[in-house]
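Each remark here refers to the structure printed beneath this line.
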Amino acid sequence: MSDAPPTLEGDMTLILDPDDPAGWREADAPARTAAGGGHESSDSHLVAGLNPQQKEAVEYRGPALLIVAGAGSGKTRVLTHRIAHLIETREAWPSQILAITFTNKAAAEMRERVQALLGDSASGMWISTFHSACVRILRREAESLGLSSTFTIYDSADTRTVLKRIIKELDADTMGFTPASAQAKISKLKNELTDVEAYARNANTNDPQEVMFLAIFREYTRRLRAASALDFDDLIGETVYLFRAFPKVAALYQRRFRHLLVDEYQDTNHAQYSLIRELTLPVAREIVDELDEHGVLVRGLTDASGQIPGASLTVVGDSDQSIYAFRGADIRNISEFERDFPGAKVVLLEQNYRSTQNILSAANAVISNNFDRKDKKLWTADGDGEQITGYTGYTAHDEAQFVVDEIEALRRAGVDYREMAVFYRTNAQTRALEEIFVRSAVPYRVVGGTKFYERAEIKDAMAYLIAVANPLDELALRRILNTPKRGIGPATETAIAQFAEQNDISFRQAMRSAGELGLGPKVTGAITALADLLDEAALMLVPSQAGLDAGTNEGAAKVSDVLLALVEKSGLLTTLRNSRDPQDETRAENVEELVAQTRDFDRENPGASLVDFLTQVSLVAAADDLDDASGTVSLMTLHTAKGLEYHAVFLTGLEEGLLPHQMSASEPGGPAEERRLFYVGITRARKRLYLSLAMSRAQFGEVSVALPSRYLQEIPDGLIDWKQSPGMATSRGGTQGRALNGRGAGYGGARGSDGGVWGTRGRDLERFSVTKNAGAKTEWANRVTGAVRDNGDLALEAGDRIRHTDFGEGRVTQVTGEGTKKIAHVNFDTAGAKKLLIKIAPIEKL
DNA sequence: GGCAACCTGATTTTT
DNA sequence: TCAGGTTGCC
């Protein structure tokens with residue numbers, strides 16, 4: 001890390017930066033700070049239609065504002081209107097606004113909405129996530145930190161790989177260290193802004209565990225630095241460090257951003273909190289003078305004492321929706337806001353514009369069980385709406401079938417698929433759901449989960465790009481060294497790494513010296529060829545002379561050109577195409593899809609660099625790839641669901657051990673956080689809410705019995721209409737239930753009494769009496785997997801009678817679709833109308 | 001160095 | 001259940 005303070009010359013780029021708007025330079029126009037601005041348009045369209053609290057939140061002016069926004073209370077509306085209001089009243093230039101959101105999708109939406117309110121004058125605002133904003137700052141100021149401005153961003157998988165190697169080399173696994181445990185601990189420390197040196201100062205050197213951890217932490221830090229790489233947590237931490245170590249750099253941003261707005265404030269961690277504090281600090285008079293001398297614009301921003309006052313801060317949040325404590329989020333950031341920022345104004349938004357009163361009453365009832373919270377009750381003027389629907393399945397598949405049946409019923413009633421979502425606690429729960437969705441031919445989409453960019457072949461292709469953008473990145477180089485196979489094995493890899501270490505050169509440079517390693521000619525040739533390929537690709541990115549003169553990227557190859565050249569010349573694509581492994585066909589298609597994505601990127605971001613592309617990819621969030629336009633049902637975790645809303649919401653897997661998750665039981669505050677998670681899920685629903693669980697669930701190949709989630713009992717009886725309550729599900733079967741569960745303790749017994757919703761309320765057990773008996777149990781699991789089944793070209797047409805293993809007999813009314821996607825519309829005698837994917841449905845023609 | 005067969009151990013949520 | 005690691009053979 002460089003100790004030299006940054007020069008103001010370098011800082012000038014901040015002003016001349018092409019993506020800084022014209023408005024930025026006009027900052028020396030007459031002051032339009034809070035004191036000066038007139039509110040000539042206070043009853044403008046920007047506050048019309050807002051309730052009194054929302055209006056107050058839009059119009060309040062002062063150093064600090066906390067908007068406590070209950071779920072569905074219109075906080076995005078308030079935030080966007082507040083930003084628009086600041087700009088329209090000429091109290092701020094767009095460039096003086098920094099708005100932080102949780103996901104890129106939320107940022108994009110906020111930008112769009114502000115733009116819709118203001119038109120063109122909205123450009124130049126920074127609306128982004130914490131991570132994106134920090135990357136932007138860090139790339140600009142990389143030099144101060146001794147980093148390359150093309151630094152790589154390591155995701156958790158990358159971090160894990162590095163730690164795995166370190167742990168192996170240090171033999172730390174014998175002491176019980178795993179990559180995951182070390183990663184969690186390092187992340188936690190970084191979120192607290194504790195770097196290696198700070199940790200070393202307080203470490204107990206008598207504790208061998210701690211000594212070993214310190215060694216791991218130190219080596220990890222060293223390697224990232226050598227590779228010019230930062231992990232997710234560094235992005236925030238290093239920015240805070242940058243501001244603290246280089247006050248003049250900090251001053252540039254403090255001066256620039258006059259209004260900071262932070263969404264989802266309850267989920268900020270200590271590092272993010274510190275970043276906000278740094279950005280809202282006043283700029284001291286001495287620095288103001290110095291900035292002024294260097295031509296950095298300060299006029300109009302100083303107060304009577306010659307200081308530039310701290311930026312005004314607006315935070316929006318809801319402590320009841322704090323669900324990221326496991327990631328270091330500190331609820332105190334919001335609960336102690338008023339103490340942190342004395343004189344802060346607090347506005348409470350309780351009126352809900354999203355859900356029916358029944359849904360809100362359930363949410364209120366559940367969350368009121370968390371003690372130690374400010375009482376807050378959501379209400380709506382829109383009426384009770386329908387009852388909540390409850391269902392207890394015998395297995396996860398039963399539960400999934402219920403979900404799909406209800407989805408189909410909603411669809412028939414005119415609700416679009418895209419207006420429905422299914423939530424669950426853990427990603428593993430998608431399996432059973434997906435099987436039933438596929439079988440029933442209901443279009444769905446899993447949001448998040450195993451992401452495109454996490455696929456091995458995509459990471460391989462990306463590693464080529466990274467190796468070109470950041471030649472110091474050893475991790476990327478080692479990943480592609482023998483991918484595709486070039487005969488460079490682990491022994492050779494280690495030899496190169498050691499050579500680099502001994503000669504204090506980078507891995508990439510060591511590759512250039514392959515001839516000195518005493519390797520065979522074939523291996524040496526392969527290494528040199530790879531190095532050549534990477535060099536060539538790097539050359540493609542250098543702008544032509546004309547471009548250089550104009551200070552543009554003109555003449556430089558596009559990202560897609562470079563990627564295509566890399567995957568073709570390296571043999572990555574051809575190897576996949578020629579492979580006899582059938583899965584490689586899909587992998588080749590994925591790589592081609594990546595090339596297509598870079599083409600889109602090039603088209604949508606003319607002039608953007610390779611590093612821009614890599615940054616964008618590194619920072620995509622699960623929710624970002626939500627495509628509103630697709631007509632599919634969305635499946636996602638409860639965490640991903642935060643901030644979204646749907647006409648109909650299905651909360652599945654409401655069982656002890658799953659929600660609350662067993663892992664949370666031992667954590668302080670765990671069960672309360674799980675309750676908030678449930679609360680978040682409930683409040684996503686506008687009109688219809690479905691709560692479901694399964695009596696037994698397969699885990700690790702074993703079937704285990706489940707108890708209903710404790711949170712279900714916190715919802716008042718009258719609000720839920722149980723199609724099949726937990727009590728009903730057990731009472732069905734003395735012997736049967738027991739056999740089903742495999743293990744003794746029945747559920748009704750564990751529950752105690754038979755009363756209330758847990759008791760029997762007969763209805764709708766038909767379906768189960770047909771198919772559910774102890775003997776059929778094992779068969780059921782196999783049948784449902786469907787993977788082995790292939791009806792191929794079973795010819796069906798309207799009028800045919802068929803038998804389905806679950807639904808019994810029925811008559812085909814219509815056949816739609818082509819080839820493998822052929823769908824039979826069937827009217828079952830007892831189970832009603834269903835749509836089935838012919839190829840895999842468990843059906844036979846009669 | 002590559003590959004197939006076996007074994008084991010893990011499973012929360014994510015920018 | 002399954003992905004990832006290890007072992008042993010070519």
Side-chain angles (χ1 to χ4, degrees), chain A residues 100-107 128-135 153-157 159-161 164 168 173 178-181 183-184 187 190-191 230-237 264 267-269 271-272 322-329 423-429 431-432 447-451 454 456 481-482 484-493 519-520 522-523 526 581 615 617-624 636-643 653 657-667 670 673-674 676-678 680-681 697-704 781 785 787:
Chain A
I100 305 278
T101 60
F102 205 67
T103 64
N104 296 297
K105 185 180 178 336
S128 69
T129 63
F130 270 109
H131 295 267
S132 307
C134 286
V135 170
I153 301 164
Y154 280 2
D155 66 17
S156 342
T159 294
R160 206 167 284 218
T161 308
K164 195 196 271 174
K168 201 166 174 188
D173 46 347
T178 63
S181 70
Q183 181 180 28
S187 174
K190 287 187 175 180
N191 286 159
L230 298 177
D231 65 25
F232 276 138
D233 301 317
D234 287 334
L235 297 179
I236 315 290
E264 309 283 13
D267 284 325
T268 50
N269 61 33
Q272 291 164 334
S322 157
I323 54 173
Y324 281 102
F326 74 95
R327 213 167 72 189
F423 302 155
Y424 36 82
R425 176 69 233 270
T426 70
N427 282 117
Q429 288 167 251
R431 193 155 297 148
V447 183
T450 319
K451 281 171 271 170
E454 284 168 9
L481 193 62
N482 200 31
K485 302 263 185 292
R486 321 187 153 81
I488 307 175
T492 311
E493 185 182 329
L519 301 161
K522 225 177 109 189
V523 178
D581 182 343
T615 304
V617 170
S618 304
L619 298 178
V620 292
D624 292 341
M636 69 189 86
T637 65
L638 284 164
H639 283 89
T640 306
K642 194 179 68 163
L658 221 41
L659 191 81
H661 197 275
Q662 44 210 348
M663 291 298 184
S664 72
S666 53
E667 289 161 16
E673 175 147 325
E674 299 282 305
R676 290 194 292 269
L677 205 43
F678 186 43
V680 166
R697 194 172 285 275
Q699 248 188 336
F700 331 121
E702 291 277 292
V703 178
S704 56
T785 313

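Worth saying up front: this structure is predicted, and the values here are computed from it rather than measured. Protein chains get the first letters and strands the later ones, always in sequence-line order, with residue 1 at the start of each.
The interatomic distance linking A:F130 (CZ) with B:dT14 (C1') rounds to 15 Å, in whole Å. Atom-to-atom, CD1 of A:I323 to C1' of B:dT12 comes out at 12 Å; the value is rounded to the nearest Å. Atom P of nucleotide B:dT15 and atom NE2 of A:H639 are separated by 11 Å, given to the nearest angstrom. The NZ atom of A:K168 sits 15 Å away from the P atom of C:dG4 (whole-angstrom rounding). One atom, OH of A:Y424, and another, C1' of B:dT12, lie 13 Å apart when rounded to the nearest Å. The distance from atom CZ of A:F678 to atom P of B:dT13 is 19 Å, rounded to the nearest whole Å. Going from atom CG of A:N427 over to atom C1' of B:dT12 covers 9 Å, rounded to whole Å. Distance NZ (A:K485) to C1' (B:dA4): 13 Å, rounded to an integer number of Å.
Rounded to the nearest Å, the gap between the C1' atom of C:dG4 and that of B:dT13 is 23 Å. A distance of about 24 Å separates the C1' atoms of B:dT12 and C:dG5, rounded to the whole Å.
Phosphate proximity of B:dT13 to A:T640: absent, as no side-chain N or O sits under 4.0 Å from OP1 or OP2. Look at A:T637 and you won't find any side-chain N or O under 4.0 angstrom from OP1 or OP2 of B:dT12. Applying the 4.0 Å criterion to OP1 and OP2 of B:dT15, one finds that A:N191 has every side-chain N and O outside that range.
Between the side chain of A:H661 and the base of B:dT12, no donor-acceptor pair under 3.5 Å is found.
Within the 4.0 angstrom heavy-atom criterion, only backbone atoms of the sugar-phosphate kind lie near A:N482; the bases stay farther away. Residue-level contact check: A:K164 touches the backbone only, with heavy atoms under 4.0 Å from sugar-phosphate atoms and none from bases. Across all strands, A:S156 comes closer than 4.0 Å to base atoms (heavy-atom distances).
Ring orientation note: the planes of A:Y324 and A:F102 are tilted relative to one another, at an angle of 30° to 60°.
Looking at which nucleotide of DNA chain B each of A:G489 and A:E673 is closest to, the 5′-most match is held by A:G489.
An aromatic stack links A:F326 and the base of B:dT13, using centre distance under 5.5 Å and interplanar angle under 30°.
Taking every side-chain heavy atom of A:A491 into account, B:dG1 is the closest of B:dT13, B:dG1, C:dC2.
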Decide yes or no on ring pair (Phe, Tyr, Trp, His ring centres under 6.0 Å) for A:H661 and A:F326, but give the supporting numbers first.
-> CA-CA 13 Å; A:H661 197 275; A:F326 74 95; over 10 Å; no
